[in-house]
Participant: 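This is the structure I want to talk about, given as structure tokens.
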Amino acid sequence: MIGAPPTLALSVDFCGLDLAHPIINGSGTFDAIAARRAFGDELFERFPFSAFVSKTVTLEPRQGNPPPRLWEVAGGLMNSIGLPNKGLDGYLEHDLPILAALPVPLIVNVMGFSREEVAALVDAFAARPEVSAIELNVSCPNVETGLVLGADPDETARLVHRVRPLTGKPLIVKLTPNASDVAAVATAAQDAGADALSLINTLRGMALDRTGKPWLGGVTGGVSGPAVRAIALAQVYAVAQAVEIPIVGMGGVQSGRDARDLIEAGATLVAVGTESFRDPAAGLRIASELSELLANTAV
Ligand code: RRO
């Protein structure tokens with residue numbers, strides 16, 4: 001993989017994790033297992049992120065949504081992937097041993113279809129020393145019956161209250177931009193015991209084919225990429241004004257400048273998502289650009 005390491009030391013403490021720089025990946029946007037197969041040891045020597053967030057894990061295995069699952073929008077991408085994954089047991093047996101060998105801390109992203117399912121997932125990962133932190137996905141736009149409670153402050157608080165006693169590991173709550181008052185949900189998560197927040201997940205969208213029928217197998221999808229960057233910046237800023245816990249900012253980040261903007265808006269870490277599909281080494285490039293930007297503006 002290409003990409004020069006950052007020139008200025010950008011190390012950052014995030015919920016007690018000592019990270020080499022502030023750039024991580026957005027859940028589900030970088031397949032570290034496939035990348036390891038493609039790039040071999042070079043991936044470990046120049047890993048693009050300072051921590052790795054895995055694709056969402058559910059209790060039971062899932063096939064995901066029917067195809068088509070992707071649609072290119074102006075300035076971005078719309079997905080309706082629908083959480084395909086091996087389920088908790090499959091993840092523990094097949095994925096965790098490989099991901100645990102990555103040279104950076106592992107953050108596991110989980111989602112349930114009830115509070116008790118989320119509790120079972122948190123309980124299981126709480127017991128695994130390979131896992132450094134747990135991200136609660138309360139914001140996937142692509143499942144009908146999922147616990148998409150991230151739009152409601154009380155429901156979010158109930159979930160965080162339920163799982164908080166189960167683990168001493170940092171709990172990150174991933175928020176949806178599809179909420180009328182994202183700062184209210186953020187505050188509810190913080191007050192219920194979340195250690196950090198991440199935002200934004202994708203914005204619900206839709207595309208029609210030439211005959212006027214929905215293109216995506218899941219009918220609607222989640223929009224990401226540069227098209228959502230201004231929305232992400234505004235929401236990170238609004239949440240940062242409302243909470244004291246650290247924020248992982250994401251949404252359309254393509255450059256060091258974009259990352260710097262999210263940090264200025266109040267993010268501690270910045271996640272790269274859609275850009276990694278174009279350039280698997282984007283994380284390292286963006287960390288390097290951020291480092292140069294900060295070195296040039298340092299007084
Ligand atoms: O798998 C997905 O369809 C998906 C998930 Br879990 C998510 O959190 N956000 C998204 O845009 N797609």
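When a ligand or atom number is given, it counts from 1 through the structure's own listing order.
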Participant: Atom OH of residue position Y237 - does it have more than 12 heavy atoms of other residues, nucleotides or ligands inside 6.0 Å?
Facilitator: no

Participant: Let me know which protein residues bring a heavy atom to under 4.0 Å of ligand 1; chain then number is fine for ordering.
Facilitator: K55, T56, N79, I81, G82, L83, N137, C140, P141, N142, N201, T202

Participant: Taking side chain to side chain donor-acceptor pair (under 3.5 Å) as the definition, give me every residue that meets it alongside E117, ordered by chain and number, with sequence neighbours left out.
Facilitator: none

Participant: Indicate yes or no for a side-chain donor-acceptor contact from R229 to the backbone of G252 under 3.5 Å, with no hydrogens or angles considered.
Facilitator: yes

Participant: Checking S132 side chain against P105 main chain: does a donor-acceptor pair fall under 3.5 Å?
Facilitator: no

Participant: side-chain hydrogen bond (donor to acceptor under 3.5 Å, both in side chains): which pairs involve residues 179-195, sequence neighbours left out?
Facilitator: R164-D195

Participant: For residues 165-218, which residue pairs pass the ring pair (Phe, Tyr, Trp, His ring centres under 6.0 Å) check, not counting sequence neighbours?
Facilitator: W71-W215

